[in-house]
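Each remark here refers to the structure printed beneath this line.
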Amino acid sequence: MSNSSSITQFLLLAFAERRELQLLHFWLFLGICLAALLANGLIITTIACDHHLHTPMYFFLLNLSLIELGCISTTVPKSMANSLWDTRAISYQGCAAQLFFFLFFISAEYFLLTLMSYDRYVAICKPLHYGILLGSRACVHMTAAAWGSGFLHALLHTANTFSLPLCQGNVLDQFFCEVPQILKLSCSHSYLRELGVAILASLLGFVCFVFIVVSYVQIFRAVLRIPSEQGRHKAFSMCLPHLAVVSLFLSTGIFAYMKPPSISSPSLDLVVSFLYSVVPPAVNPLIYSMRNKELKGALRKLMTDVFQQP
């Protein structure tokens with residue numbers, strides 16, 4: 001038996017035991033990480049440099065790309081280092097920091113996706129009021145609220161989780177530190193306080209989910225009333241990338257935390273956590289840029305300007 005005062009490190013779940021597979025995991029994660037950094041970095045640079053993209057939609061997208069950079073930089077590098085050096089250890093302080101930043105970026109992303117659904121709703125259902133409801137000051141305030149809410153949510157969860165006495169060892173069945181895995185190590189009944197915080201967070205998350213669903217119901221009703229096929233196509237092109245990103249985020253996250261215990265296993269948990277923590281930062285830039293002619297045009301112009309400089 002151990003307690004939290006004697007724990008100096010945690011042992012993370014390894015993707016593989018064989019050395020060849022560990023190195024394969026390192027190179028795979030390195031490729032995904034570099035792709036995510038490059039793609040999100042290009043989106044941030046393109047939006048910042050092109051004044052035609054200084055609109056609420058692209059302002060939110062710029063912030064989303066910043067969050068994606070933070071998200072993948074929180075979990076992937078440590079997992080890569082462990083595979084490269086054939087170790088599973090992460091320090092107690094490192095685990096707390098990783099948990100805080102992961103919760104911070106994930107929470108901020110969810111709140112920002114909620115704001116982006118509101119942006120799409122106003123753009124399609126109330127286009128004449130778009131400049132009033134989503135002025136530059138309003139966008140800054142709403143985005144700051146999303147970042148601030150994510151910070152407070154992460155701080156509350158992290159402080160509460162690491163204040164619990166731990167007496168079930170130090171082995172985590174996950175490749176990064178997350179709340180459910182640490183709660184498994186807590187002493188009997190001591191996790192009830194964190195459970196209360198989790199319930200409050202779930203209620204807030206449910207409110208955001210309902211807001212997103214209601215927004216898209218109104219959006220689809222408005223789009224289907226557009227008489228021209230070209231107008232409907234343009235409206236759907238504006239909404240489908242965001243809807244795809246929200247669906248990927250929610251489906252993987254909900255399955256990760258709400259799947260039945262009967263089908264839970266370390267290998268399945270590993271795959272699901274990979275899908276919701278590593279895949280979105282690399283895939284989301286492709287989803288947003290694939291059907292966005294403005295963004296692709298601005299990116300092409302930026303690349304031309306860079307490579308044609310003397």
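Thr161 and Ile182 make their closest contact through CG2-CG2, 3.6 Å (heavy atoms, listed as atom of the first residue, atom of the second, distance). The two atoms that bring Phe26 and Met80 nearest to each other are CD1-O, 3.4 Å, heavy atoms only. Annotation for Ala39 and Pro285: closest pair CB-CB, 3.6 Å, computed over non-hydrogen atoms. Counting all heavy atoms, side chain and backbone alike, Glu109 lies closest to Asn284 at OE2-ND2, 3.9 Å. Of all heavy-atom pairs between Tyr92 and Ile7, the closest is CD1-O, 3.7 Å. In terms of heavy atoms, Leu112 sits closest to Ala146 at N-CB, 4.1 Å.
With rounding to the nearest 0.5 angstrom, the CG atom of Leu133 is 10.0 Å from the SG atom of Cys139. Of the inter-residue distances, the one linking Cys125 atom SG with Phe220 atom CZ reads 10.5 Å to the nearest 0.5 angstrom. One distance of note links CE of Met142 with CG of Asp119; it measures 8.0 Å at 0.5 Å rounding. The CZ atom of Phe60 sits 11.0 Å away from the OG1 atom of Thr114 when rounded to the nearest 0.5 Å. Note that CD1 of Ile106 and OG of Ser277 are 7.5 Å apart. Values are rounded to the nearest 0.5 Å. If you take CG on Asp86 and CZ on Arg18, they are separated by 13.5 Å, rounding to the nearest 0.5 Å.
Formation of a donor-acceptor pair under 3.5 Å by the Asn40 side chain with backbone atoms of Pro281 is found in this model. Checked by atom type and distance alone, the side chain of His129 never pairs as donor or acceptor with a backbone atom of Ala123 at under 3.5 Å. Listed for the His242 side chain is a donor-acceptor partner under 3.5 Å among the backbone atoms of Leu113. Side-chain N or O atoms of Gln98 include one that pairs as donor or acceptor with a backbone N or O of Cys177 at under 3.5 Å. Counting only distance, with no hydrogens or angles, the side chain of Ser73 and the backbone of Gly70 share no donor-acceptor pair below 3.5 Å. Between the Ser163 side chain and the Asn160 main chain, a donor and an acceptor come within less than 3.5 Å of each other. Within the 3.5 Å criterion, the main-chain N or O of Phe175 finds no donor-acceptor partner in the side chain of Lys78.
Residue-environment remark: NE2 (His52) stays at or below the threshold of 12 foreign heavy atoms within 6.0 Å. Surrounding CZ of Phe151 are at most 12 heavy atoms belonging to other residues, nucleotides or ligands under 6.0 Å away. For Arg137, the CZ atom counts as loosely surrounded, since its 6.0 Å shell holds 12 or fewer non-hydrogen atoms of other residues, nucleotides or ligands. Shown here is Phe209, whose CZ atom has no more than 12 heavy atoms of other residues, nucleotides or ligands within 6.0 Å. In Tyr216, the OH atom is crowded: over 12 heavy atoms of neighbouring residues, nucleotides or ligands sit closer than 6.0 Å.
A heavy-atom distance below 4.5 Å is found between the side chains of Arg221 and Gln218. Looking at heavy atoms from C-beta onward, Pro180 lies out of side-chain contact with Gln174 at the 4.5 angstrom threshold. Between Leu64 and Glu68, the closest side-chain pair of non-hydrogen atoms falls below 4.5 Å. In this structure, the side chains of Tyr288 and Ser65 stay at 4.5 Å or more apart for every pair of heavy atoms. Between Leu243 and Ile219, the closest side-chain pair of non-hydrogen atoms is not below 4.5 Å. Annotation: side chain of Val278 is not in contact with side chain of Phe176 (no heavy-atom distance under 4.5 Å). Between Ile47 and Ile43, some side-chain heavy-atom pair lies under the 4.5 Å cut-off. Considering only heavy atoms from C-beta on, Ile32 comes within 4.5 Å of Ile72 through its side chain.
Linking ILVMFWY residues whenever their side-chain heavy atoms come closer than 4.5 Å, directly or via other members, places Ile44 and Val140 in the same cluster. If you chain together hydrophobic residues whose side chains sit under 4.5 Å apart, Tyr121 and Val245 fall into the same group. Linking Ile, Leu, Val, Met, Phe, Trp and Tyr residues whenever their side-chain heavy atoms come within less than 4.5 Å places Leu155 and Phe105 in a single cluster. In the hydrophobic clustering of ILVMFWY residues, with side-chain heavy atoms under 4.5 Å counting as a link, Leu204 and Val213 come out apart. Hydrophobic clustering (ILVMFWY, side-chain heavy atoms < 4.5 Å, transitive): Phe249 and Phe111 are in distinct clusters.
Listed by chain and number, the residues in a salt bridge (Lys or Arg N to Asp or Glu O under 4.0 Å) with Arg225 amount to none (sequence neighbours excluded). Considering only residues two or more places apart in sequence or on other chains, Phe104 meets the ring pair (Phe, Tyr, Trp, His ring centres under 6.0 Å) condition with Trp147. With sequence neighbours excluded, no residue forms a salt bridge (Lys or Arg N to Asp or Glu O under 4.0 Å) with Lys126.
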Side chain to side chain contact (heavy atoms under 4.5 Å, CB included) between Leu37 and Leu69, worked out: CA-CA 6 Å; Leu37 293 175; Leu69 287 178; 3.5 Å; yes
Leu61/Met57 under side chain to side chain contact (heavy atoms under 4.5 Å, CB included): CA gap, chis, key distance, verdict: CA-CA 6 Å; Leu61 181 56; Met57 182 178 77; 5.8 Å; no
Audit row: Val246, Leu250, side chain to side chain contact (heavy atoms under 4.5 Å, CB included) steps and yes/no: CA-CA 6 Å; Val246 170; Leu250 290 178; 3.6 Å; yes
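Partner of Ile90 under the side-chain contact (heavy atoms from CB on, under 4.5 Å) criterion, chosen from Leu11, Leu12, Asn170: Leu12.
Using modelled atom types and a 3.5 Å distance limit, the side chains of Ser79 and His25 yield a donor-acceptor pair.
Ring orientation note: the planes of Phe162 and Phe10 are nearly perpendicular, at an angle over 60° on the 30°/60° scale.
Checked against a 6.0 Å centroid threshold, the rings of Phe29 and Phe274 count as neighbours.
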